[in-house]
2 protein chains.
Amino acid sequence: MQLTRQTEYAVRTLIELVNSPPGAMMNSRTIAEKQNMPEKFLNKTIQILVRAGMVETRRGMQGGIRLAVSPDSVTIADVLKAIEGKLAINPCLEGDRYCENQGACPVRRVLQRTQEAILAELSRETLADLAKGEVFCS
Amino acid sequence: MQLTRQTEYAVRTLIELVNSPPGAMMNSRTIAEKQNMPEKFLNKTIQILVRAGMVETRRGMQGGIRLAVSPDSVTIADVLKAIEGKLAINPCLEGDRYCENQGACPVRRVLQRTQEAILAELSRETLADLAKGEVFCS
DNA sequence: GATAAATAAGATATAATTAGTCATATTAGT
DNA sequence: ACTAATATGACTAATTATATCTTATTTATC
């Protein structure tokens, strides 16, 4: 019942990008150093964000990363989904999962509510909101 | 960001015990079959519940498992804590963890709230409440 | 009392996931 | 063309979750 470290890296990276000059490319090493994350692993993480359409990258000199979306249109829930693939906290809550007792199952009911609560909280604030704070744990 | 399967096994086992004749020993194989869980793995899971004081076991013929607590005094949150060891969804939220930016960190703030929401939902209903439903997903 | 059957307990092994590193390809400036 | 900066993608290692196997204990039966 934990966020993966990669999700945290992704969030912190995005915030870092929000706080950088708009439109400018930022290189991943700088972000990795600032936020104390393993550089190569961060690159991998960035790839996922690229595929999710949240950032865009350019190779070569003067290359780097920048946001591809508006900071106020992305929440931690979005990042979580992009990185971890799904939001279901238990298999029985996955969309395509069939369970004959779905309606009656009390466990599922509690988990369903829990998941909704998680989503609600993680969707409350956007990257733009988060970036105002400027500092985070390392 | 998922419950472990073991946590689910534990919850389902406890509900099974709540629904069995009070005070009677139930054997783990029966529970495993009824709930479609791997028997030996369930045994391991039960051990954790024993150490947490939630159930008591007796070996040998006529042995088995039974609840050691009142069904209305245990919530899924309690089980989660017993099985997964901690409730923190991110390292920065663990009790003993020091982070100089704790107060100001916006990421931590969101995660903190999320964690509280999770706990609130998982603490809402006790085993006694859950057991009323009788069926669950398999 | 000895033996066998039932049962949990504990140790070990496998599989899956997460985290991290290394080698390659691409781009831009010189 | 060459070199340095940079992302990309393949590979490796570590951790965690899951499952199985072996051993110890208890009770009933003979």
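Labels below follow one simple rule: chain letters A, B, ... track the order of the sequence lines, proteins then strands, and each chain is numbered from 1.
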- Message: Does a side-chain N or O of B:Y9 approach OP1 or OP2 of D:dA19 to a distance below 4.0 Å, or not?
- Response: yes
- Item | Length of the line joining B:Q6:CD and D:dT18:C1', which is rounded to integer Å | 8 Å
- Query: So, is A:S28 near the phosphate of D:dA7, with a side-chain N or O under 4.0 Å from OP1 or OP2?
  - Reply: yes
- Item | Of B:T4 and A:Q62, the one whose closest DNA chain D nucleotide lies more 5' | A:Q62
- Message: If I take atom CZ in residue A:F41 and atom P in nucleotide D:dA14, what distance separates them, rounded to the nearest angstrom?
- Response: 15 Å
- Note on the structure: Residues at least two apart in sequence or cross-chain that pass side chain to side chain donor-acceptor pair (under 3.5 Å) with B:E116, listed by chain then number, are B:Q112
- Query: Atom CE of A:M61 and atom P of C:dT30: how far apart are they, to the nearest Å?
  - Reply: 7 Å
- Item | Qualifying residue, where the test is side-chain contact (heavy atoms from CB on, under 4.5 Å) with B:V74 and the options are B:V79, B:L67, B:T126 | B:V79
- Query: Rounded to the Å, how far apart are A:I83 CD1 and C:dA19 P?
  - Reply: 11 Å
- Euclidean distance, atom CG of residue A:L3 to atom P of C:dA19 [Å, nearest integer]: 10 Å
Report all interatomic pairs (protein N or O, nucleotide N or O of nucleotides 10-15 of chain C) with separations under 3.5 Å.
none

- Test item: B:E84 side-chain N/O and B:T4 main-chain N/O as donor-acceptor pair under 3.5 Å: yes
- Who are the side chain to side chain donor-acceptor pair (under 3.5 Å) partners of B:S123, not counting sequence neighbours? none
- How close or far is atom P of C:dT18 from atom CE of A:M1, stated in whole angstroms? 14 Å
- Is there a donor-acceptor pair under 3.5 Å between the side chain of A:N27 and the backbone N or O of A:T30? yes
- B:Q2 CD - C:dA16 C1' separation (whole Å): 12 Å
- Message: So, OP1 or OP2 of D:dA7: does either fall under 4.0 Å of a side-chain N or O from A:R29?
- Response: no
- Query: Between A:K86 (NZ) and C:dT17 (C1'), how many Å, whole number?
  - Reply: 11 Å
- Task: Could you tell me whether the phosphate oxygens of C:dA6, OP1 or OP2, come under 4.0 Å of any side-chain nitrogen or oxygen in B:R58?
- Result: no
- Query: Would you say the side-chain atoms of A:Q115 pair up with the backbone N or O of A:I89, donor to acceptor, closer than 3.5 Å?
  - Reply: yes
- Task: Heavy atoms only: give me the nearest A:R108-A:C92 pair and the separation to one decimal.
- Result: NE-O, 3.1 Å
- Task: Under 4.0 Å between any heavy atoms, over every strand shown, what does A:I46 touch: base, sugar-phosphate, or nothing? Just pick one.
- Result: nothing
- Message: If you only use heavy atoms from C-beta on, which nucleotide in D:dA17, C:dA19, D:dT20 is closest to the side chain of B:P38?
- Response: D:dT20
